[in-house]
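First the structure, in the form of structure tokens, and then the observations on it.
Since the structure is predicted, the reported quantities are computational estimates derived from the model, not experimental observations. Naming: A, B, ... by sequence-line order, numbering from 1 per chain.
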Amino acid sequence: MTASPSRLADRIGAARAEGRSALIAYLPAGYPDVPSSIEAMVAAVEGGADVVEIGVPYSDPGMDGPTIQEAVEVAVRAGTGMADVLAAVSAVAQAGAVPVVMSYWNPVERYGVDRFATDLAAAGGAGAITPDLIPDEAAEWIAASDAAGLDRVFLVAPSSTDARLAATVGACRGFVYAASTMGVTGTRTTVGDTAQVLVDRTREVGSDVPVCVGLGVSNGDQAAEVAAFADGVIVGSAYVRQLLDGHGADGVRRLSQDLAAGVRRR
Amino acid sequence: MTTTAPVPPPDASLLRPRPEWPDATGHFGRFGGRFVPEALIAALDDLTEAYEAMRVDPVFLAEFERLHRDYTGRPSPITEVPRFAEHCGGARVLLKREDLNHTGSHKINNVLGQALLTQRIGKKRVIAETGAGQHGVATATAAALLGLECVVYMGEEDTRRQALNVARMRLLGAEVIPVTTGSRTLKDAINEAFRDWVTNVDTTNYVFGTVAGPHPFPAMVRDFQRVIGDEARAQVLDREGRLPDAVLACVGGGSNAIGIFTAFVPDADVRLVGLEAGGDGVETGRHASSITGGEPGVLHGARSYLLQDEHGQTVESHSISAGLDYPGVGPEHSHLHDLGRAEYRPITDSQAMEAFALLCRTEGIIPAIESAHALAGAVQLGRELGPDALLLVNLSGRGDKDVETASAWFGLGASTAPTDGDDRAVEAGRGGDPGAPLGDADTTTVQDGDAL
Ligand SMILES: Cc1ncc(COP(=O)(O)O)c(C=O)c1O
């Protein structure tokens, strides 16, 4: 990769300089409604999240388990769109964390890839994570994100071959999203050692792009376990669960505090 | 053009030269490709490689041929339907009888190929999505035949309107899982099947039911279905000494249409006409006409035409036919549309049901409601082309599964009073008016937009 500046890599590097992993919180825009979702994101930051992944609600979230599906379905029905997502991006930036958008590809394509990149940068976003866009299909996004100076995060999985790991890592800027287990999003009781194997393999392909682990982490203990080998810990369903169970922004803040302590544990 | 040709054996279809698309990474022009989580790429690569090896393996080809012949009953015949054709402007109409296949539709052609592929890659469990239930029934059938565990995802809404097929799948030993997320129809069943696959990919193969989805499914399913057109082209040449003027097929995901089109794609004079489900009419917004009424986007792993709103959310489709009730379409159709090689037209629920009744009454053949859309297309096109035209229609399935829906639509008596599953037919149709909606075909002239 060229050495263009990366806000995500900088923030994750700053955490590393403190001898800890970064905490990355996922919440979808628009659940339970747009203002409350933004409040929840700000609470996640207040509780200690370094980065917030702002989910773009999508009607066919093929990589998500029941928890995130349930919340996102509500947001889709309410007509949550890119304007709402961009408002959340600005709010997260204002709260002091690094905002990154997480979107299935069709909403971005529909909005217009160049327009998305331009508007995201203008709103203060660092870049985007694209769970169903592989680098092989991403020529337009790679060009647009380069032009706008945005980070772009692709996923690697336990099933990725070494050749694909190398190609995918090469296309990432900001961090690489290591999907720890084969499956969809959702909390799990154990994170398992496939995550560590994947992180090690990703690092071995010879890159200094940070590697963050997602899928399955739900509490401080698991965060500590993952923080022992990953540059960042991504938590999604557990945050959404707080909202589904009616604990609101306070629940999100408490979860962030627990997780933030976890990523600092030695 | 006037040479006659024997009907080729089914295995020959896989060895024929294929269209110049897709490219090596599954792109049909600007459509197709792979828009899936990275976790699935290895499985899709493995499947692509195993399929390409299997396609030319004489042992597989012999087994495939044997199953098509002895199990499915191929080749399926061509039936001329002159009494039906009287309503088609005098054009002659030939039906390719995929309804006579074992399990009652074209879906078995594809499933036998993918089930053999599953065996070849050493997996013991198959999953499938289904809308009308025909692909689910076909998959459950092949799984029973080959001793594979089978799980079928079906939208809860569809399990009600196609209850007969749910029972068939269960009789065949498959587990049917009603899907309660989203719109509870085919698109959500596909989402659930992908979630299952990514979780269980070590043990499980996804037997995809149509020419949509990520590469290699659109190309592979096309190859397995092209036997329809390869046979039909030879059969029509043999009996008529000429090619048809037009080939018509209904388009849900597009597999029966691609299946019959592929052999004719190089025949520039043969019109290829895909009939999409027009529901209440494309102008009402309640339809399933992805090409006629949609725009390009990404859904279920590929770029193609689809029904979507301004935010890129998939819009729910509407059709009386569960098998066509899908907001997307296979990428090869989008490409054929772009090229101008095929044309796509919407057929409304009422037009389809009119053609359904007409075939029942004039020819003694109860078609699937899906296939009735193609028949309605023949009524339209025949009137446009006039008496010398020769039309070939893919009768993709039989209508047993649709008896309740049709009875409710036509208001046929209390003994077949609509159940839950037929709300839509009652609401849209003539359920409250059990007079004599099915007239004597000989004395009834079908008018455009007028029910029999
Ligand atoms: C009889 C019949 N025809 C057509 C279809 C539509 O599928 P496709 O467009 O892939 O042929 C179905 C789907 O269930 C079907 O059962």
**Asked** Once you round to the nearest 0.5 Å, how far does CZ of B:F194 lie from CG of A:D132?
**Response** 11.0 Å
**Prompt:** Heavy-atom distance under 4.5 Å to chain A: side chain of B:N200, backbone, both or neither?
**Reply:** neither
**Message:** Quick test of your reading of the model: are A:E109 and B:R303 salt-bridged, counting only N-O distances below 4.0 Å?
**Reply:** yes
**Which atoms of A:P107 approach chain B - backbone, side chain, both or neither, heavy atom under 4.5 Å** = both
**Prompt:** Between B:A39 and A:A157, what is the shortest heavy-atom contact and its length?
**Reply:** CA-CB, 3.5 Å
**Request:** Working to the nearest 0.5 Å, report the span between CG of B:D188 and CD of A:Q69.
**Result:** 9.0 Å
**Asked** Side-chain contact, heavy-atom cut-off 4.5 Å: B:R195 with A:P61?
**Response** yes
**Prompt:** Is any side-chain heavy atom of B:R34 closer than 4.5 Å to a side-chain heavy atom of A:D136?
**Reply:** no
**Asked** Looking at A:D64, A:T80, A:T130, which one has more heavy-atom pairs under 4.5 Å with chain B than the rest?
**Response** A:D64
**Message:** Out of B:E192, B:E38, B:H311, return the one with the most heavy atom pairs under 4.5 angstrom to chain A.
**Reply:** B:E38
**Distance (rounded to the nearest 0.5 Å) between B:L299 CG and A:Y58 OH** = 5.0 Å
**Prompt:** Checking heavy atoms, do the side chain of B:V36, its backbone, both or neither come under 4.5 Å from chain A?
**Reply:** backbone
**Message:** Counting neighbours of CD on B:E20 that are heavy atoms of other residues, nucleotides or ligands and sit closer than 6.0 Å, is the number greater than 12?
**Reply:** no
**Item:** Neighbour count above 12 (heavy atom, 6.0 Å) for A:E140 CD
**Value:** no
**Donor-acceptor under 3.5 Å (B:T314 side chain, A:S59 main chain)** = no
**Item:** Inter-residue atom distance A:T161.OG1 - B:D46.CG, 0.5 Å rounding
**Value:** 10.0 Å
**Prompt:** Are B:V198 and A:V184 side-chain neighbours, meaning at least one heavy-atom pair lies under 4.5 Å?
**Reply:** yes
**Asked** Do side-chain atoms of B:E295 reach the backbone of A:R110 as a donor and acceptor pair under 3.5 angstrom?
**Response** no
